[in-house]
Structure formats: C-alpha cells, structure tokens
Amino acid sequence: QVQPVESGGGSVQAGGSLRLSCVVSGNTYSRYCMAWFRQAPGKEREGVASRHTGTGNTYISDSVKGRFTISQDNRKNTMYLQMNSLKPEDTAMYYCAIAHAWTYCPSARVQEYQYWGQGTQVTVSS
C-alpha cells in the first residue's frame, strides 16, 4: 500500500515562502505520476502542480505559475512544492497525490490519482 505523507505547512505573511514535502512510502514503483492539490473551505479541490517522475513533464496551474515549483528527489522518495510570493488566496489544505496507473500525466484531475496524503495546512495572512 502506497502512503504519501505531507509536511511543511504553516502560517506565513503575504510575500513569504514555504516548501511542502511529501514522503512516499510503501510499494512504490520507479515511475509514477505525482501531484499537489489544494482545497480551501467551501471550494472544490484544485490541482496546482503535477509531474511525471519518469519524463519530468510538468504541469503548473495558471493560478500559481511563476510562483510555485514541483520537484522530486528519487533517492528520498520525496516530492516537493516550493511556494514563493505567497498570497492570502493560497490559503488552503494542501494534499499530495500519487498515481501508478493513469490516463494523462501530468494531470490536475482528481480522478487520476489512487493515493492521497492527509494534507498539510497553509495559511497566508495579508
């Protein structure tokens, strides 16, 4: 069973930075599709970044393009979301997600992903 575990969330002021980490344990494969999603209260879950760990092809949502970067460290089975120039509208619970089988990768579609972490809260104050 694959288990992603997020960390690195917290409270920052607007303009600040955070780096989220997602350690993937369990029966991992050498190639998988990974993504970061976020969900604010009363809103749908939104895919903000995705990456194919084999090809390195990456998707970044327009809402965070130029500010967020997704990356991976295969030796540590860890993926990261570097978040710079944070805005109050970035406030949400952030989730990492993993897919071993997919139709499209990278992808911001919730339906593509089989394994989800519990989430880490990011709060940005103005």
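Here the structure is a predicted model, which is why all the values come from computation and not from measurement. Index from 1, following the sequence.
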Indicate if [X] and [Y] have the same hydrophobic cluster label, given that clusters are the connected sets of ILVMFWY residues with side-chain heavy-atom separations under 4.5 angstrom.
{"X": "Y115", "Y": "I70", "value": "yes"}
{"X": "M93", "Y": "V110", "value": "yes"}
{"X": "L20", "Y": "Y80", "value": "no"}

Side chain to side chain, [X] and [Y], heavy atoms closer than 4.5 Å:
{"X": "T91", "Y": "V122", "answer": "no"}
{"X": "Y95", "Y": "Q118", "answer": "no"}
{"X": "M34", "Y": "Q72", "answer": "yes"}

How far does [atom1] of [X] sit from [atom2] of [Y], to the nearest 0.5 angstrom?
{"X": "Q82", "Y": "S71", "atom1": "CD", "atom2": "OG", "value": "8.0 Å"}
{"X": "Q13", "Y": "S125", "atom1": "CD", "atom2": "OG", "value": "5.0 Å"}
{"X": "T69", "Y": "N84", "atom1": "OG1", "atom2": "CG", "value": "6.5 Å"}
{"X": "M79", "Y": "C96", "atom1": "CE", "atom2": "SG", "value": "4.0 Å"}
{"X": "M83", "Y": "L18", "atom1": "CE", "atom2": "CG", "value": "4.5 Å"}
{"X": "L86", "Y": "S11", "atom1": "CG", "atom2": "OG", "value": "11.0 Å"}

What's the shortest heavy-atom distance between [X] and [Y], and which atoms?
{"X": "V12", "Y": "S17", "result": "CG1-O, 4.1 Å"}
{"X": "Y59", "Y": "G47", "result": "CE2-O, 4.0 Å"}
{"X": "C22", "Y": "P4", "result": "SG-CB, 3.6 Å"}

Margin query: Counting only heavy atoms not in K76 (residues, nucleotides, ligands), do more than 12 fall under 6.0 Å from its NZ?
Written below: no
Check: Are Q114 and W102 close enough, and set up right, to give a side chain to side chain contact (heavy atoms under 4.5 Å, CB included), and what steps lead you there?
Finding: CA-CA 9 Å; Q114 297 90 46; W102 57 82; 5.7 Å; no
Notebook entry, point to check: Is the gap between the ring centers of H52 and Y32 under 6.0 Å?
Noted result: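 Ring centres of Y32 and H52 not closer than 6.0 Å.
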Next item on the list: Decide if the gap between the ring center of F37 and the ring center of W116 is smaller than 6.0 angstrom.
Entry: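 Close enough - the centres of the two rings lie under 6.0 Å apart.
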Does the side chain of [X] come under 3.5 Å of the side chain of [Y] through a donor N or O and an acceptor N or O?
{"X": "S50", "Y": "Y113", "answer": "yes"}
{"X": "T58", "Y": "R51", "answer": "yes"}
{"X": "E46", "Y": "S63", "answer": "yes"}
{"X": "R38", "Y": "Y94", "answer": "yes"}
{"X": "T78", "Y": "D73", "answer": "no"}

Checklist line | Polar side-chain atom of R45 near backbone of Q39 as donor-acceptor pair, under 3.5 Å | finding: no
Next item on the list: Answer yes or no: is there a donor N or O on one side and an acceptor on the other, between the side chain of S25 and the main chain of Q3, under 3.5 Å?
Entry: yes
Item checked: Ion pair check, D90 and K87, cut-off under 4.0 Å ->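 K87 and D90: not salt-bridged.
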Margin query: Applying side chain to side chain contact (heavy atoms under 4.5 Å, CB included) to E112 and C105, what does each step give before you reach the verdict?
Written below: CA-CA 8 Å; E112 293 285 3; C105 182; over 6 Å; no
